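Note that the numbering runs from 1 along the sequence shown for the chain. Keep in mind it's a predicted model, so treat the numbers as computed, not measured.
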Amino acid sequence: MFCIHCGKEIPEGAAFCVHCGRPQGEGPAAGVQPQQPAAPETAAHEKPVTAEQDPPAAPSGAPVVPTEEAAAPQAKPAQAELPGSPYAHPVEKPVRKKDNRLPLALGLCAGGAVLAVVLAVVVTQWLLPMLRDGESLPVDVPAGSAPVQTSPAPDAEPSEAPAVVEATPVPEATPEPLAPMEPIAVIEGETVACDLDGDGVDERIQLTAEQGEYYENYTLLLNDQPVPIEGAEGFETELWIVDIDAGDRQKELCFSVMQDSYGLGVYAIIGWRDGAPTVLADLKSIPILMGRGAVYRKITQEFPGDGTFTVWADTPVYSDAFGCMYVGVPYMYDGASVAAVETQIYSLRVDSALAPHYAAYTPFKAYSEPGGSLESFTATLGTVYMPDQLALVGGTLYLHVVSEDGAQSGWISEKSDRSAYYEVPPGWG
């Protein structure tokens, strides 16, 4: 059934409305319109339902026949029951529960921070030092069980000091050879400073010349002290600062004076030793090629910086059948003196412009070894056979010759006949 005053559904047979509290036996009070449920919002094209369209209230005690609209369940009004009515229900206020999770979270964070600090102290102050010292970590042993016995390493000796682990020695890298120093020319009349004895103090090097009756007289001064050397008279001179051995930190001077036909008046290696100029070697006087030759003239010299050097001597030994040539003569320096290196085979330098002088004049035979009997080839007349090596075996000179195309090579021996191989061997001087 429905309330005759407010129109809301109430229990069947109720004497009072549970919503508005009014008795159901009386008609609605004059001037008081029964409370209607809030009209639902309608679309723009729908017509809202008003109170005038509501059906009239049924007489007291008469059964109320719900209309089609009234039969539909009505929404509970948003407003609360009137206060003071016998059926009014107090509105329950929501009780806000106190949130207890914040203190718990703060406590957990604080505890975690303290635990992290404790762990850091334990690791840094106790665990890491034990691991560095090679000690074992303590192990909890259950009561009644035998303690765990730890034996020291076989090679370890008991000591209170921490064990020292020896590092595996790393093999030293082989030092790269020092690059040879480029020779430095000292010009006549100038003064050059250079550390010759490796003590960190430069010496003064000066070359002077004074015109004589025929030649110029040259004087070499080191720290204003003249170098004691004879024969320094000629028409041309060369003075080079060289480094024979790059490992001894010392430098040397290569001094030469040329005379007629570029014959050497002076050819010496000079140093500054014990505070005085010292002649380390007179290269003119050192015998070479097993005593058969000497350096009379030269075209140049080479200093690789390894304690050796080579002088390219102009025909240090002569043979009529071979003519003139430039021979590489090796020397060795031991830090105090210079000596010639004796060898059986010497390198040659031959100017390609001299090729016509080496055209075969006779069908000579060449052999595979100097002094050997195995024939290598027979020369073809007019073919050029250029020499590239000189050998001295058993007191005899041998010349190694190669055809221009490189197909034939072999050794020929010195002979007294000048035209034994070539019509006119090259010659000068």
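Nearest approach of Y215 to F235, heavy atoms of both residues: CD2-N, 3.8 Å. Closest non-hydrogen pair, P363 versus L381, comes out as N-CD2, 3.6 Å. When all heavy atoms of I269 and E252 are compared, the pair lying nearest together is CG2-CB, 4.1 Å. Considering all non-hydrogen atoms of both residues, R349 and T300 come closest at NH1-CG2, 3.7 Å. What you find for E404 and A355 is that their closest heavy atoms are OE2-CB, 4.4 Å. Summarising the geometry of I229 relative to A268, their closest heavy-atom pair is CD1-CB, 3.7 Å, with the distance given to 0.1 Å.
With contacts defined as side-chain heavy-atom distances shorter than 4.5 Å, the pair F322/P387 does not qualify. Using a 4.5 Å cut-off on side-chain heavy atoms (C-beta onward), L253 and L220 make contact. Side-chain atoms of I205 and I241, non-hydrogen and from C-beta on, do get closer than 4.5 Å to each other. Side-chain contact between V317 and L397: present, with at least one pair of heavy atoms (C-beta onward) separated by less than 4.5 Å. Contact of the V350 side chain with the Y358 side chain is registered, since non-hydrogen atoms from C-beta on lie closer than 4.5 Å. Here the side chains of T308 and T310 are not in contact, with every heavy-atom distance at 4.5 Å or above. D195 places a side-chain heavy atom less than 4.5 Å from the side chain of D199. Between N223 and W272, the closest side-chain pair of non-hydrogen atoms falls below 4.5 Å.
A donor-acceptor contact shorter than 3.5 Å is absent between the side chain of Q225 and the backbone of P277. Looking at D351, its side chain never comes within 3.5 Å of a backbone N or O of L354 through a donor-acceptor pair. At least one donor-acceptor pair under 3.5 Å links the side chain of H19 to the backbone N or O of E9. Under the 3.5 Å distance criterion, the side-chain polar atoms of S368 are left unmatched by any main-chain donor or acceptor of S376.
With values rounded to the nearest 0.5 angstrom, K8 atom NZ is found 9.0 Å from C3 atom SG. Annotation: the span from E369 atom CD to L374 atom CG amounts to 8.5 Å, rounded to 0.5 Å. Rounding to the nearest 0.5 Å gives a distance of 8.0 Å between OG1 of T343 and CE of M290. Atom OH in Y318 sits 11.5 Å away from atom CD in E414 (nearest 0.5 Å). Taking SG of C254 as the start and CZ of F303 as the end, the distance is 4.5 Å to the nearest 0.5 Å. Here F255 contributes atom CZ and L207 contributes atom CG; the two are 5.5 Å apart, rounded to the nearest 0.5 Å.
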E230/K284 under salt bridge (Lys or Arg N to Asp or Glu O under 4.0 Å): CA gap, chis, key distance, verdict:
CA-CA 12 Å; E230 297 180 357; K284 280 183 55 183; over 6 Å; no
Evaluate side chain to side chain contact (heavy atoms under 4.5 Å, CB included) for L222 paired with E203, printing each intermediate quantity in order.
CA-CA 7 Å; L222 297 182; E203 279 68 47; 5.6 Å; no
As a quick check of understanding, evaluate side chain to side chain contact (heavy atoms under 4.5 Å, CB included) for I244 and L280, giving each step before the final call.
CA-CA 12 Å; I244 299 178; L280 301 175; 5.8 Å; no
Walk me through it: do C17 and C6 pass the test side chain to side chain contact (heavy atoms under 4.5 Å, CB included)?
CA-CA 8 Å; C17 177; C6 64; 3.6 Å; yes
Kindly indicate, with the supporting measurements, whether the criterion side chain to side chain contact (heavy atoms under 4.5 Å, CB included) is fulfilled by E238 and K298.
CA-CA 12 Å; E238 287 182 357; K298 56 93 178 178; 2.9 Å; yes
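Between E190 and R204, none of the side-chain N atoms (NZ, or NE/NH1/NH2) sits under 4.0 Å from a carboxylate O, so this pair counts as no salt bridge. Salt-bridge check for E423 with R418: failed, with every basic side-chain N at 4.0 Å or more from each acidic carboxylate O.
Atom CG of D274 is surrounded by 12 or fewer heavy atoms from other residues, nucleotides or ligands within 6.0 Å. For Y326, the OH atom sits in a packed shell: over 12 heavy atoms of surrounding residues, nucleotides or ligands are nearer than 6.0 Å. No more than 12 heavy-atom neighbours from other residues, nucleotides or ligands sit within 6.0 angstrom of OH on Y361. At most 12 heavy atoms of other shown residues, nucleotides or ligands fall within 6.0 angstrom of atom CD in E182.
Taking the centre of each ring, Y267 and W240 stay at or above the 6.0 Å mark. The ring of Y421 has its center closer than 6.0 angstrom to the ring center of F364.
There is a side-chain donor-acceptor pair under 3.5 Å between Y218 and E216. Using modelled atom types, one finds a donor on one side chain and an acceptor on the other under 3.5 Å when comparing D314 with W428. With 3.5 Å as the limit, one finds a donor-acceptor pair spanning the side chains of Q408 and Y385. Side-chain contact, D417 with S419: no donor N or O sits under 3.5 Å from an acceptor N or O.
Just one residue in the list L289, L390, V311 forms a side-chain contact (heavy atoms from CB on, under 4.5 Å) with P316, and that residue is L289.
Using a 30° and 60° split on the angle between ring planes, Y331 and F309 fall in the parallel class, below 30°.
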